[in-house]
Student: 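Below is one structure. I have some questions about it.
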Amino acid sequence: MSQEYPRFAVVGHPNKGKSSIVSTLAHDESVHISTLPGTTTKQRSYPLKVDGVTLYALYDTPGFQRARAILSWLKQEETPAHKRVDRVKKFIYEHRDNPRYQDEIELLEPIINGAGIIYVVDGSKPYGVEYEAEMQILLWTGQPSMALINLIDTTDYVAEWKMALGQHFQMVRLFNPMQANFAQHITLLESMAQLKEEWTELVKESIKIFKLYQQQKITYSSELITTLIIDSLSLTLTSSIKGTQATKAQELQLTQEYKQKLRLLEEEAHHTLAKIWNHLLLEKSSQLLLLENIDLFSKESETLFGLSKQELIATGVAGGALTGSGVDLMLAGSSLMLGSTLGAVIGGAGALFGYKEVAQLKILGHKLGHKYIQVGPIQHANFPYILLKRVLYYTQEIANRPHANRAKITMDSSLIQKEFTLETKTKKTLDKMHILLQKGDRPKEKLVEEYKQLIYQILIDRVE
Ligand SMILES: Nc1nc2c(ncn2[C@@H]2O[C@H](COP(=O)(O)OP(=O)(O)OP(=O)(O)O)[C@@H](O)[C@H]2O)c(=O)[nH]1
Ligand SMILES: [Mg+2]
């Protein structure tokens, strides 16, 4: 693609969501958004780049402040339609140093230099004549133009806005930057492609690249999730001991290290996911801390993300051990587990995973005569599902989140349970791999590939 890419200036009244629209359409979380009117004071271009290639760029601009005064200046001289853009240029030229018109000059400049117009209004507020001067000025620039109705609140004045906007803009569309998903983004791009003939092919090509890019991000996420599961489920830690028996303190320490290591693997995966989906600032601002607040090994985590006892029985993973009640019965084989006292020490109040549930402990011999204790792989039958569903939930939240939405992710437990009920067929493949990993066997490449594909399918249905 050549250097020339379509550019759009996002303009309108102050505080109508212009910067929010730029942020969402450019996938850029650094765009400054605030409840205060007059937040944006300078024009600034935000490109949407894929592999270093700019697909399009959006100008964030300040809101109109003195539209009426400017329109009356423009109208001081009778100007035929084909000369009106020159009149606007003249206005900019003559008022460049006048602080009264700085906002308008900032917003008009990119348009005069060839950017298409995206005019943003709030469809939850009534239409009013105060917008007419703005729309007239934009008409005078002669640039291709589209109006976006953003419903900031629940009241609905869309019909009257459509009537008014339809008289001034080539296209009128609804678009909510806080809720827009990938499909809506694409639909909007398709409309933008129609704005100007020279841009049509470029934007269509961009849409293709953009869709591929989305698939690529889902692929990366699936690979990352698969690696997290493999690394976590096959994790073992060892520590050398004197004599033939480890002290309780040694066992305790190794088990704690083991759990910490698993938490860290999850955290690292979340970080990479935030990077893939361009949400590192959100992560930095702790707005994503939802899962970190629910410890991987807590009872709450199992309730939210684990399989129910019925589901566990259906997998066959837990075998005949699941007939009674209580957490301990959710465990797979327990031949090498330690006495129950230590479990109580480590577990603490409310914790799901005591020592016993975390890992098998083995005493290993060594050729130099030293003995080692080994913790892992983790034996809890539900753990693979807890880990998997946590990371799937995280991925879904982060992948679907428009970049204008900076609010903390909230956990909706009913949604989690509803959304992440896995089909029996899916569960079978997952079980196969989990069992192998928990036994300490490396799964064959073919099974890993199958697992990855499965994760991809789960994500593609949920990232929209
Ligand atoms: N609930 C909701 N809030 C929105 C929506 N769009 C924008 N907002 C909020 O409205 C406020 C203004 O949004 P901005 O994107 O900064 O608006 P702006 O038009 O760039 O404002 P200025 O730069 O001050 O002219 C922010 O608090 C946004 O979070 C929306 O669709 N829904
Ligand atoms: Mg702004």
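The structure displayed is predicted, hence computed values, not measured ones. As a basis for the values below, the full set of heavy atoms in this structure was taken, side chains included, without hydrogen atoms, waters or symmetry mates. Each ligand, and each atom within it, is numbered from 1 in the order the structure gives.
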Student: With atoms numbered from 1 as shown, which atoms in ligand 1 lie under 4.0 angstrom from a non-hydrogen atom of K16?
Tutor: 17 (O), 18 (P), 19 (O)
Student: Verify the distance test for S20 against the Mg ion (ligand 2): any N/O/S atom under 2.8 Å, yes or no.
Tutor: no
Student: Below 2.8 Å, any N, O or S contact between T61 and the Mg ion (ligand 2)?
Tutor: no
Student: Considering only the protein, which heavy-atom contact is closest to atom 28 (C) of ligand 1, and what is its distance?
Tutor: I33 CG2, 3.7 Å
Student: For N176, counting its heavy atoms only, list the atoms of ligand 1 lying under 4.0 Å from any of them.
Tutor: 30 (C), 31 (O)
Student: Would you call the rings of F182 and F210 parallel, tilted or perpendicular if under 30° counts as parallel and over 60° as perpendicular?
Tutor: tilted
Student: Has R87 got its NZ or CZ under 6.0 Å from the middle of the six-membered ring of W73, at an angle within 45 degrees of the ring axis?
Tutor: yes
Student: Are any of the side-chain nitrogens in R66 or D103 under 4.0 Å away from the carboxylate oxygens of its partner?
Tutor: no
Student: Would one find more than 12 heavy atoms of other residues, nucleotides or ligands at under 6.0 Å from atom CD of E423?
Tutor: no
Student: Y258 versus K261: any side-chain heavy-atom pair under 4.5 Å?
Tutor: no
Student: Can you check which of R406, Q179, M178 brings a heavy atom nearest to atom 32 (N) of ligand 1?
Tutor: M178
Student: With only distance considered, is K18 within less than 3.5 Å of ligand 1 through an N or O on each side?
Tutor: yes
Student: Any idea which part of I21 is under 4.0 Å from ligand 1, heavy-atom wise: side chain, backbone, both or neither?
Tutor: neither
Student: May I ask you to decide whether E29 forms a salt bridge with R401, counting only side-chain N to carboxylate O separations under 4.0 Å?
Tutor: no
Student: When you measure from atom 6 (N) of ligand 1 to every protein heavy atom, which one gives the shortest distance, and what is it?
Tutor: N150 ND2, 3.1 Å
Student: Is the shortest distance from a heavy atom of P62 to ligand 1 less than 4.0 Å?
Tutor: no
Student: Just wondering, do R96 and I92 contact through their side chains at under 4.5 Å, heavy atoms?
Tutor: yes
Student: What atoms in ligand 1 come closer than 4.0 Å to a heavy atom of P14?
Tutor: 25 (O)
Student: My question is simple, although I want it checked carefully: is atom 9 (C) of ligand 1 less than 4.0 angstrom from any protein heavy atom?
Tutor: no
Student: Enumerate the atoms of ligand 1 whose separation from the nearest heavy atom of P177 is less than 4.0 angstrom.
Tutor: 6 (N), 31 (O)
Student: Any chance you could lay out the side chain to side chain donor-acceptor pair (under 3.5 Å) test for T187 and R173, step after step, and finish with the verdict?
Tutor: CA-CA 10 Å; T187 307; R173 298 282 183 274; over 6 Å; no
Student: Counting heavy atoms only, which part of T39 comes closer than 4.0 Å to ligand 1: side chain, backbone, both or neither?
Tutor: both
Student: Under a 4.0 Å threshold between the charged nitrogen and the carboxylate oxygen, would K90 count as salt-bridged to E94?
Tutor: yes
Student: List ligand 1 atoms under 4.0 Å from P37, heavy atoms only on the residue side.
Tutor: 24 (O)
Student: For atom 3 (N) of ligand 1, which protein heavy atom lies nearest, and how many Å away is it?
Tutor: I152 CG2, 3.8 Å
Student: Taking distance alone, with no angle check, do N15 and ligand 1 share an N/O pair under 3.5 Å?
Tutor: yes
Student: Taking C-beta and beyond as the side chain, do E104 and H95 meet within less than 4.5 Å on heavy atoms?
Tutor: no
Student: Which ligand 1 atoms are under 4.0 Å away from a heavy-atom of G38?
Tutor: 22 (P), 24 (O)
Student: Are E449 and K452 ion-paired here, with the side-chain N under 4.0 Å from a carboxylate O?
Tutor: yes
Student: State, with a plain yes or no, whether a side-chain heavy atom of D28 is found less than 4.5 Å away from one of V22.
Tutor: no
Student: Just need the protein heavy atom nearest to atom 15 (O) of ligand 1, so name the residue and atom and give the distance.
Tutor: S20 OG, 2.6 Å
Student: Y394 versus I225: any side-chain heavy-atom pair under 4.5 Å?
Tutor: no
Student: Find all atoms of ligand 1 within a distance of less than 4.0 Å from any non-hydrogen atom belonging to S34, and give their numbers and elements.
Tutor: 11 (C), 12 (C), 13 (O), 16 (O), 26 (C), 27 (O)
Student: Starting from atom 27 (O) of ligand 1, find the nearest protein heavy-atom neighbour and note its residue, name and distance.
Tutor: T35 CG2, 3.3 Å
Student: Test the K389-Y393 pair against the cation-pi criterion, namely NZ or CZ under 6.0 angstrom from the six-membered ring centroid and within 45° of the ring axis.
Tutor: no
Student: Report the part of S19 in contact with ligand 1, treating N, CA, C, O as backbone and CB onward as side chain, heavy atoms under 4.0 Å; options are side chain, backbone, both, neither.
Tutor: both
Student: Is ligand 1 under 4.0 Å from a heavy atom in the side chain of T40, in the backbone, in both, or in neither?
Tutor: both
Student: Can you name the closest pair of heavy atoms from L459 and L392 and give their distance?
Tutor: CD2-CD2, 3.8 Å
Student: Check whether any heavy atom of L36 sits under 4.0 Å from an atom of ligand 1.
Tutor: yes
Student: Suppose we measure from atom 17 (O) of ligand 1 to each protein heavy atom; which comes out shortest, and what is that distance?
Tutor: G17 N, 3.0 Å
